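Okay, structure first, notes after.
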Amino acid sequence: NSVVPLFKAESSALWLKSEPQALATAKKENKIVLIDFYAEWCAPCKELELGFFRKKETLALLEKMVPLRIDATFMEPEVAQVIKKYGVIGWPTIIFVAPDGKVLNDLTVISYNPKRLLENMSKALTGK
């Protein structure tokens, strides 16, 4: 399941692939989980991956979070289960989850909106 990038970006976040692992890490480290619902066939998802999520300011915020990527490219049963749990209806969807497992619904970003996503990442970290 390895993908060879077409070009080398400055750097990339280390995305967890397991929701239970991400939630456990967030609880243990008292961090917000950022869940990126992603698919290879989703052009805006690729834009976020290759552009937004590799910017220095984005990476600085991601380092203070637990980044989780749910890849719906092939829609395995466990992926479908997580999508259903969070009520995801479109791609990309970015959801923030507090260390206690509570979804921060007012910070969810559905669609390609880097400006709002960056603002909401800051809000998730500061609570403002």
Side-chain angles (χ1 to χ4, degrees):
N1 201 13
S2 63
V3 176
V4 178
L6 298 175
F7 58 90
K8 281 281 186 207
E10 289 176 39
S11 65
S12 180
L14 293 172
W15 294 91
L16 294 178
K17 305 284 189 227
S18 158
E19 188 226 11
Q21 179 189 7
L23 294 177
T25 301
K27 188 173 187 173
K28 189 176 86 176
E29 297 178 7
N30 195 33
K31 288 183 173 180
I32 298 284
V33 180
L34 179 149
I35 309 176
D36 175 23
F37 287 90
Y38 170 93
E40 284 288 328
W41 44 257
C42 165
C45 299
K46 300 292 277 184
E47 289 289 324
L48 285 175
E49 162 59 22
L50 298 174
F52 179 79
F53 283 123
R54 295 180 188 228
K55 290 183 175 172
K56 281 185 175 65
E57 60 185 328
T58 307
L59 288 167
L61 294 175
L62 272 180
E63 283 176 9
K64 300 172 186 166
M65 299 178 164
V66 178
L68 169 65
R69 176 163 289 148
I70 302 298
D71 187 343
T73 303
F74 300 109
M75 200 59 80
E76 290 92 355
E78 61 273 11
V79 170
Q81 205 172 20
V82 176
I83 287 169
K84 185 177 179 185
K85 174 180 176 180
Y86 291 99
V88 174
I89 55 170
W91 283 253
T93 294
I94 289 71
I95 292 176
F96 297 89
V97 181
D100 65 2
K102 181 181 178 290
V103 175
L104 306 173
N105 287 315
D106 54 334
L107 298 181
T108 297
V109 178
I110 302 169
S111 74
Y112 178 77
N113 191 337
K115 183 177 184 284
R116 180 158 175 243
L117 183 50
L118 191 64
E119 288 168 5
N120 288 3
M121 288 174 76
S122 294
K123 286 179 189 174
L125 289 169
T126 62
K128 296 176 199 158

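On a predicted model such as this, the values are computed, not experimentally measured, just so you know. Because only heavy atoms are used, hydrogens play no part in the values below, and waters and symmetry mates are left out as well, while side chains stay in.
- Between Asp36 and the choices Lys17, Arg69, Lys46, the salt bridge (charged side-chain N to carboxylate O under 4.0 Å, His left out) rule is met once, by Arg69.
- Rounding to the nearest 0.5 angstrom, the gap separating the CD atom in Glu49 from the SG atom in Cys42 is 11.5 Å.
- Side-chain N or O atoms of Arg116 include one that pairs as donor or acceptor with a backbone N or O of Thr108 at under 3.5 Å.
- Rounding to the nearest 0.5 Å gives a distance of 9.0 Å between OH of Tyr112 and CZ of Phe52.
- Put simply, Ile95 and Val66 are part of the same group of oily side chains (I, L, V, M, F, W, Y) that touch within less than 4.5 Å, one to the next.
- Residue Ile94 is grouped with residue Leu62 when hydrophobic side chains (ILVMFWY) are merged at heavy-atom distances under 4.5 angstrom, including chains of intermediate members.
- Rounding to the nearest 0.5 angstrom, the gap separating the NZ atom in Lys85 from the CD1 atom in Ile35 is 7.5 Å.
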Problem set entry | Verdict with supporting geometry, Met121 and Leu125, side-chain contact (heavy atoms from CB on, under 4.5 Å) | CA-CA 6 Å; Met121 288 174 76; Leu125 289 169; 5.5 Å; no
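- Contact check for Ile32 versus Pro99: side-chain heavy atoms found under the 4.5 Å cut-off.
- With rounding to the nearest 0.5 Å, the separation of CG in Leu104 from NZ in Lys102 is 6.0 Å.
- Without hydrogens or angle criteria, Asn120 side chain to Leu107 main chain gives a donor-acceptor distance under 3.5 Å.
- A distance of 12.0 Å separates CG of Asn105 from CZ of Phe96, quoted to the nearest 0.5 Å.
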For this session: Determine, stepwise, if the pair Ile83 / Met75 fulfils side-chain contact (heavy atoms from CB on, under 4.5 Å).
Result: CA-CA 9 Å; Ile83 287 169; Met75 200 59 80; 3.6 Å; yes
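- Side-chain atoms of Asp71 and Val79, non-hydrogen and from C-beta on, never get closer than 4.5 Å to each other.
- Taking the side chain as every heavy atom from C-beta outward, Leu61 and Glu57 never approach each other to under 4.5 Å.
- Between Tyr38 and Trp15, the distance separating the two ring centers is not shorter than 6.0 angstrom.
- Contact check for Leu48 versus Trp91: no side-chain heavy atoms found under the 4.5 Å cut-off.
- Thr25 contributes atom OG1, which lies 15.0 Å from atom CE of Met65 (distance to the nearest 0.5 angstrom).
- Under the 3.5 Å distance criterion, with hydrogens and angles disregarded, no donor-acceptor pair is assigned to the side chains of Asn113 and Ser111.
- Linking ILVMFWY side-chain heavy atoms closer than 4.5 Å, directly or via other members, places Val109 and Val103 in two distinct hydrophobic clusters.
- Remark: Lys64 NZ is loosely packed, at most 12 non-hydrogen atoms of other residues, nucleotides or ligands lying under 6.0 Å away.
- Clustering ILVMFWY residues whenever any of their side-chain heavy atoms sit less than 4.5 angstrom apart, transitively, puts Val82 in the very cluster that holds Leu68.
- Clustering ILVMFWY residues whenever any of their side-chain heavy atoms sit less than 4.5 angstrom apart, transitively, puts Val97 in the very cluster that holds Ile70.
- Within the 3.5 Å criterion, the main-chain N or O of Phe37 finds no donor-acceptor partner in the side chain of Thr93.
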